[in-house]
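Remember, it's a predicted structure, so these values are computed and weren't measured experimentally. As the structure lists them, so they are numbered: ligands from 1, and atoms in each ligand from 1.
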Amino acid sequence: MAKINCIGILTSGGDAPGMNAAIRAITRSAIASNLKVKAIYRGYEGLITGDIKEFTTENVSNIIQRGGTILKTARCAEFQTPEGRAKAYENMKAEGIDALIVIGGNGSLNGARIFAEEFDVPCIGLPGTIDNDLNGTDSTIGYDTTLNTIVECVDKIRDTANSHERIFFVEVMGRDAGFLAQNSAIASGAEAAIIPEDSTHANQLEQFIGRGIRKSKNSSIVLVSESPKCGAMYYAERVRKEYPEYDVRVSILGHLQRGGSPSASDRILASRLGVGAIQALKEGQRNVMIGIRNDEVVYVPISNAIKSDKPVKKELIDVLGILSI
Ligand code: ATP
């Protein structure tokens, strides 16, 4: 296997708090191992356009506490074409980059997997997504911070819901995964969560109303996973039509969920994964995502990590059900 002298780092897809902590950890750990570091801006777009700059340890000073990503991020359609990836490879070679570390979600890691197979380039993935929907790691970078942000918002919504005696449907992010909705519902003491993974999805509203908004409870909060068809608006409309006796409101938390300073957990996770990525390269690993499972750093083949079938534990659904009586 060719010796690695220089690594490239990029962040891709949706930004997530803690990405900067990961960039810092990768950069410093690479330099400590006598590797050169090239920062690639705007995800795969920067690889195609050659928006690349060498990093020293100073470039990553004072960023561990900052949300977003100093490398910027983008969704790049051109990288999904063989021609786009060929351009990316040419630029990578011209810059002397021998291996690529990609921090991103499902799509970004899939892109890395395809690129690595096409061009025989060592690629390492870091799970950088607020959705927590990657297999093989207990958590993803940004998930814990976002969970805390949502809980802070729901606590505030609870005050007004309670004062006006209303039902609030609070829509949160998660793409096709219900981790954010389910766990923020537990943490905020919400009455229910409507998530894509629950097989009783279609009837979740009936169940919730059927269980009764207890007489002693004068308000209710339901966390809903975003969905083009069945989001918070959809459920609020249904309650208005089917249960007109209730006063219903919707709150879509939107992009504020992505922002803010990363939590201590996310900073530690990102730091460990960043150091793990360089360690993996030194061990000759390629095409793996670095994860943490049961508090141990693990290497997960990217093809397994992106399978999109990470389950929300049934136990979590039960916990919420029991505690919301
Ligand atoms: P998040 O989970 O936060 O949304 P993500 O990484 O899943 O992040 P996507 O928009 O799915 O976000 O993917 C980000 C980028 O990864 C795409 O814009 C594209 O550049 C690249 N990518 C995604 N899928 C592929 C693919 N099949 N082939 C090549 N590149 C891809």
query = Below 4.5 Å, heavy atoms only, C-beta onward: do Met233 and Glu171 meet side chain to side chain?
reply = no

inquiry  = I'd like to check the side chain to side chain contact (heavy atoms under 4.5 Å, CB included) partners of Glu54; sequence neighbours left out, ordered by chain and number.
reply    = Lys36, Lys38

query = Of all residues at least two apart in sequence or in a different chain, which pass the side chain to side chain contact (heavy atoms under 4.5 Å, CB included) check with Gln65?
reply = Asn62, Ser261, Arg267

key: Amino acids contacting ligand 1, non-hydrogen cut-off under 4.0 Å   = Ser12, Gly13, Gly14, Tyr44, Arg75, Cys76, Phe79, Gln80, Arg85, Gly105, Asn106, Gly107, Ser108, Asn110, Gly111, Ile114, Thr129, Asp131, Arg175

Name of the residue among Leu180, Thr145, Ile130 meeting side chain to side chain contact (heavy atoms under 4.5 Å, CB included) with Ile150 = Leu180

message = Which residues pass the side chain to side chain contact (heavy atoms under 4.5 Å, CB included) test with Ala86, not counting sequence neighbours?
response = Phe119

task = Kindly say whether the aromatic ring centers of Phe79 and Phe115 come within a distance under 6.0 Å.
result = yes

